[in-house]
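Have a look at the structure below, then the notes.
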Amino acid sequence: DFCSPGAPRPMHARRAAARHGGGARPPRLGGGENLARMVMHAHRTARPSAETLRRGLRRLWPREDILKHIAALRKAMLARDSGEILEALSALYDMLNSEEVMAVDATERFVDGHSEIFRAAPGFKELFIAFEGVALIASVLMDENGRAPGVPAREHIPGLHIITQLTAVRILSALCTYAQVVAEDLAHTPGMFECLMELMAKGYPYFSEALNVVEALFFSQLTTHAIESFPVLCGTMERASLINFCALCRILNLFVFDPEEAHDATDCMDRARAGLAPYVRPRRAASTAALQSNHRYVLSKPILIKHLLLVCEIPLRVFYRTTTRPEWTQELIVALQDDPQMSTVSQSIEVFKSAATAVNLVEVFFIFSMLLSGPLRAEAQERLCEQGLVRVLARFFDHLEWGVVPEPMHERDAPHGPGCQCNSENTFKIQYLRLLHNLVDTLPVLGQPSYLPQLRTHILSAEDLRGWQACAVECGIPTEPISSQAEPGTKGLLLRVVDALMAEPQTSPFFAFLANSVESFLRAAAPPDRLFVARRGLLAHVARRLLADAPAPQLHSEEPAAMQCLFDLLAELVRFCPPALRDLDMLLSPADRDRLLSLAASQLVASNVFIRVLFLTASGPAAAPAYCAYIDDRARQAGIVRDLLQLITVATLREDNTCCLNTCVLFFLQARRAGALPSLLQLFAAAADTATLQNLLALLQFWMRYYTTRDKDKAALQQSTRISFGEWVAAVEVLLGPASSPEALAFYIS
């Protein structure tokens with residue numbers, strides 16, 4: 001009765017026991033072993049009652065055929081007979097793919113090793129997995145490939161050898177799809193990765209089936225492997241035909257992706273919230289080193305980058321009748337025909353159409369995105385821009401439809417439930433915009449120079465660069481003649497994105513992605529970049545949209561996501577750029593300026609970054625006087641801090657609202673610089689209650705713990721404020737000082 005709810009699965013239990021260094025191994029099916037003994041072992045009962053045993057046998061009996069097939073394959077393996085092995089394997093494959101088995105097993109799928117639905121009798125694949133069928137197929141495959149440990153080599157019958165391997169791989173592929181626990185077990189089988197990769201290297205007919213299993217095995221892992229530890233796979237990628245390389249992109253993206261990155265900040269925040277010291281897991285450190293090694297490997301192989309760009313050229317040539325590299329047209333035809341599956345296709349547009357069906361550009365764009373957001377971002381920007389990625393993205397941008405809100409999908413067609421708009425076109429556009437966001441990101445990685453000066457020459461046309469130089473002169477920055485690398489006679493990619501953003505409705509799912517792409521470029525840009533983009537109509541457009549959509553001021557209201565995008569974009573346009581701030585002041589009437597500032601004060605979660613930028617920029621030389629008077633009012637600063645602290649607590653802090661806490665700290669830091677910290681604290685204490693003061697104290701303690709090991713966040717904080725992290729820490733330490741100091745928060749709490 002091992003399939004009853006709550007009973008452990010043999011393979012799942014064995015894997016768990018292996019992690020703890022012990023556990024008995026379930027018996028194998030074969031020889032003269034009694035079925036009742038296996039049911040007893042699977043049920044984990046030493047001496048079950050007669051009724052329990054009879055009930056278990058009755059439930060197994062309808063699936064006796066699968067057990068007979070396992071026994072037949074075991075017998076053939078013991079006899080070392082190639083013919084019998086193939087016969088048993090083929091019968092097993094036919095049965096697992098029969099209509100009866102597919103109908104039964106379709107009603108049950110594994111989740112974390114356990115079934116979602118329990119029927120009167122276990123499923124065929126469920127029994128096959130439970131009684132070590134997967135390990136048996138794996139041993140057949142590795143034996144046929146000469147990798148079975150401790151088994152003497154034997155002579156293979158040529159025809160049977162190929163069919164046996166192919167059938168075994170197909171069975172494993174089907175089982176990996178059925179239950180993730182199969183992939184997890186296979187991934188821990190010594191020699192399995194190497195065996196499958198050697199089959200992939202042989203090409204047709206093994207390639208596709210072996211690739212599916214390898215992908216499932218890597219996908220089941222919780223860490224990143226170093227790609228160079230699999231030399232056979234590296235060789236296959238470098239020598240693959242273009243058709244096969246399209247499929248290999250599914251494997252490559254698992255090597256350049258960091259599956260634990262999203263958990264790092266959350267884990268660090270949780271530990272800081274609990275008052276624990278930061279901790280970097282040893283496995284995490286190894287995974288980070290492997291990720292950096294993988295990025296370096298891809299960037300050091302020109303053939304891989306060229307193949308990735310060639311894959312992008314296929315749909316450009318097929319669907320849009322254009323190409324960024326005319327010299328690659330003939331090479332594309334030759335590369336596509338250099339494949340056994342393409343040998344009968346003529347050198348015509350049909351070649352491209354056949355290849356385009358195998359291309360998943362989302363996979364390729366994902367690989368580029370990971371390289372451009374990884375530890376070697378500056379090097380990736382340089383290599384990919386030099387190889388022509390910007391020209392490829394510019395061509396795609398022209399052929400995508402912007403400014404149109406997609407039709408809502410019917411609930412039954414939406415893969416993620418009501419409101420979901422996912423389809424192939426939307427998915428492609430979103431992945432495209434993520435790639436664009438990472439490509440134009442100007443925030444330098446620690447220890448790496450910024451690629452901004454070279455990036456300008458790729459995303460700005462010759463005419464754009466002349467406008468940029470005029471802005472540089474106005475900002476007092478000397479420039480030298482610059483030549484553009486963009487296609488002659490066209491608008492630069494950056495301004496195409498700006499134009500699309502201004503035409504995109506705020507209700508469009510692509511509005512935020514377009515805004516984030518422009519913001520990504522401006523985040524660490526120089527004042528001439530900000531002024532150049534602002535004067536292309538974006539500054540007036542953002543201010544007009546904010547005023548048009550401004551609700552009645554109401555604290556704690558739920559800010560629309562579009563409003564936060566607009567405020568963040570406005571902040572980046574004027575950050576440390578007094579000419580842009582003066583332009584904003586001239587664009588708005590006094591009444592409109594007051595409305596904008598009132599809106600910002602009432603929607604602090606959305607606008608706190610804009611308020612912080614005003615505070616940093618308006619206090620500089622040649623800034624707009626009206627904004628200086630607004631932001632220098634100490635009583636207003638104390639009120640903003642009080643209102644922000646009503647929106648956040650240690651329990652509710654997330655990665656996306658930590659900026660609210662940083663804005664609070666900045667007001668105190670600047671007051672300390674001016675020798676007015678006690679004055680600001682006194683105003684704040686008068687405006688806030690004791691609970692708010694204690695909330696700030698807890699948040700400051702959290703801030704100190706959180707930023708201890710967050711090097712990336714430290715760099716971003718310094719970059720966005722031009723204040724050294726040491727000064728930030730000094731200000732927080734003073735605020736957390738003893739109650740005897742008038743510059744400490746405890747002085748006012750007590």
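- Panel note: side chain Arg496, backbone Asp398; no donor-acceptor pair is recorded below 3.5 Å.
- Ionic pairing of Glu379 and Arg383 is present here: one or more N-O contacts between side-chain nitrogen and carboxylate oxygen are shorter than 4.0 angstrom.
- Using the six-membered ring where Trp is involved, Phe193 and Phe230 have ring planes that are tilted, between 30° and 60° apart.
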Salt bridge (Lys or Arg N to Asp or Glu O under 4.0 Å) evaluation trace for Glu363 with Arg250: CA-CA 6 Å; Glu363 301 279 0; Arg250 289 156 37 198; 5.6 Å; no
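- Contact of the Cys385 side chain with the Gln454 side chain is not registered, since no non-hydrogen atoms from C-beta on lie closer than 4.5 Å.
- Atoms CG and CG, on Leu211 and Leu233 in that order, are 9.5 Å from each other to the nearest 0.5 Å.
- Under a 3.5 Å cut-off, the side chain of Asn294 and the backbone N or O of Ile227 do form a donor-acceptor pair.
- For Cys176 against Val213, the heavy-atom pair with the smallest separation is SG-CG1, 4.3 Å.
- With contacts defined as side-chain heavy-atom distances shorter than 4.5 Å, the pair Leu514/Val497 qualifies.
- Atom CD of Glu87 has 12 or fewer neighbouring heavy atoms from other residues, nucleotides or ligands inside a 6.0 Å radius.
- The aromatic ring centres of Phe257 and Phe366 sit less than 6.0 Å apart.
- Note that CD1 of Ile367 and CG of Leu252 are 4.0 Å apart. Values are rounded to the nearest 0.5 Å.
- Taken to the nearest 0.5 Å, the CG atom of Leu460 stands 9.5 Å off from the CG atom of Leu493.
- Listed for the Thr442 side chain is no donor-acceptor partner under 3.5 Å among the backbone atoms of Leu452.
- For the atom pair Ser90 OG and Ile171 CD1, the distance stands at 8.0 Å (nearest 0.5 Å).
- In summary, the aromatic rings of Phe368 and Tyr432 are positioned with their centroids too far apart to meet the 6.0 Å limit.
- In this structure, Lys202 is not positioned above the aromatic face of Phe207 in the sense of NZ or CZ being under 6.0 Å from the six-membered ring centre and within 45° of the axis.
- With hydrogens and angles disregarded, no donor-acceptor distance shorter than 3.5 Å links the side chain of Ser173 to the backbone of Asn212.
- Panel note: side chain Trp402, backbone Phe397; a donor-acceptor pair is recorded below 3.5 Å.
- Using a cutoff of 4.0 Å between basic side-chain nitrogens and carboxylate oxygens, Lys429 and Glu401 are not scored as salt-bridged.
- Using a 4.5 Å heavy-atom threshold, the side chains of Phe245 and Leu310 count as separate.
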Side chain to side chain contact (heavy atoms under 4.5 Å, CB included) between Thr189 and Met142, intermediate numbers included: CA-CA 10 Å; Thr189 302; Met142 291 197 290; 3.7 Å; yes
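- Proximity of Leu371 to Arg377: side-chain heavy atoms (C-beta onward) are nowhere separated by under 4.5 Å.
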Residue pair Leu136, Arg74: steps toward the side chain to side chain contact (heavy atoms under 4.5 Å, CB included) verdict: CA-CA 7 Å; Leu136 186 58; Arg74 172 74 64 189; 3.6 Å; yes
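- Ring-centre distance between Phe218 and His225: below the 6.0 Å cut-off.
- Nearest heavy atom pair, residue Glu386 against residue His458, reads N-CE1, 4.4 Å.
- Closest of all the heavy-atom pairs between Ala716 and Leu443 is CB-CD2, 4.3 Å.
- Looking at Thr457 and Ser483, their side chains never come closer than 4.5 Å, going by heavy atoms from C-beta outward.
- Of the residues Val181, Leu217, Ile137, the one that meets the side-chain contact (heavy atoms from CB on, under 4.5 Å) test with Leu186 is Leu217.
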Leu196/Leu141 under side chain to side chain contact (heavy atoms under 4.5 Å, CB included): CA gap, chis, key distance, verdict: CA-CA 9 Å; Leu196 291 167; Leu141 181 62; 3.8 Å; yes
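- No donor-acceptor pair closer than 3.5 Å links the side chain of His437 to the backbone N or O of Phe513.
- Residue Tyr451 holds its OH atom at 10.5 Å from CG of Leu372, rounded to the nearest 0.5 Å.
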Side chain to side chain contact (heavy atoms under 4.5 Å, CB included) assessment of Asp185 paired with Val134: CA-CA 9 Å; Asp185 281 321; Val134 176; 5.6 Å; no
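- A pairwise comparison of heavy atoms in Met197 and Val214 identifies CE-CG1, 4.4 Å as the closest pair.
- Side chains of Ile303 and Arg239 form no contact here, defined as non-hydrogen atoms less than 4.5 Å apart.
- Across every non-hydrogen atom of Ser300 and Pro302, the tightest pair is O-CD, 3.2 Å.
- Panel note: side chain Gln381, backbone Leu439; a donor-acceptor pair is recorded below 3.5 Å.
- The distance from the NE2 atom of His295 to the OG1 atom of Thr224 is 8.5 Å, given to the nearest 0.5 Å.
- Residues Leu92 and Thr167 have side chains not in contact (no heavy-atom distance under 4.5 Å, counting atoms from C-beta outward).
- Of the possible donor and acceptor atoms, one in the side chain of Asp464 sits under 3.5 Å from a partner among the backbone N and O of Gly492.
- Between the side chains of Gln165 and Tyr206, at least one donor N or O lies within less than 3.5 Å of an accepting N or O.
- Remark: the backbone N or O of Phe365 is paired with a side-chain donor or acceptor of Ser369 at under 3.5 angstrom.
- Side-chain contact between Asn244 and Ser208: absent, with no pair of heavy atoms (C-beta onward) separated by less than 4.5 Å.
- Side chain of Ser520 to main chain of Asn516: no donor-acceptor pair is present (N/O by atom type, distance under 3.5 Å, no hydrogens or angles).
- Heavy atoms only, all atoms of each residue included: Cys249 and Leu308 are closest at SG-CD2, 3.9 Å.
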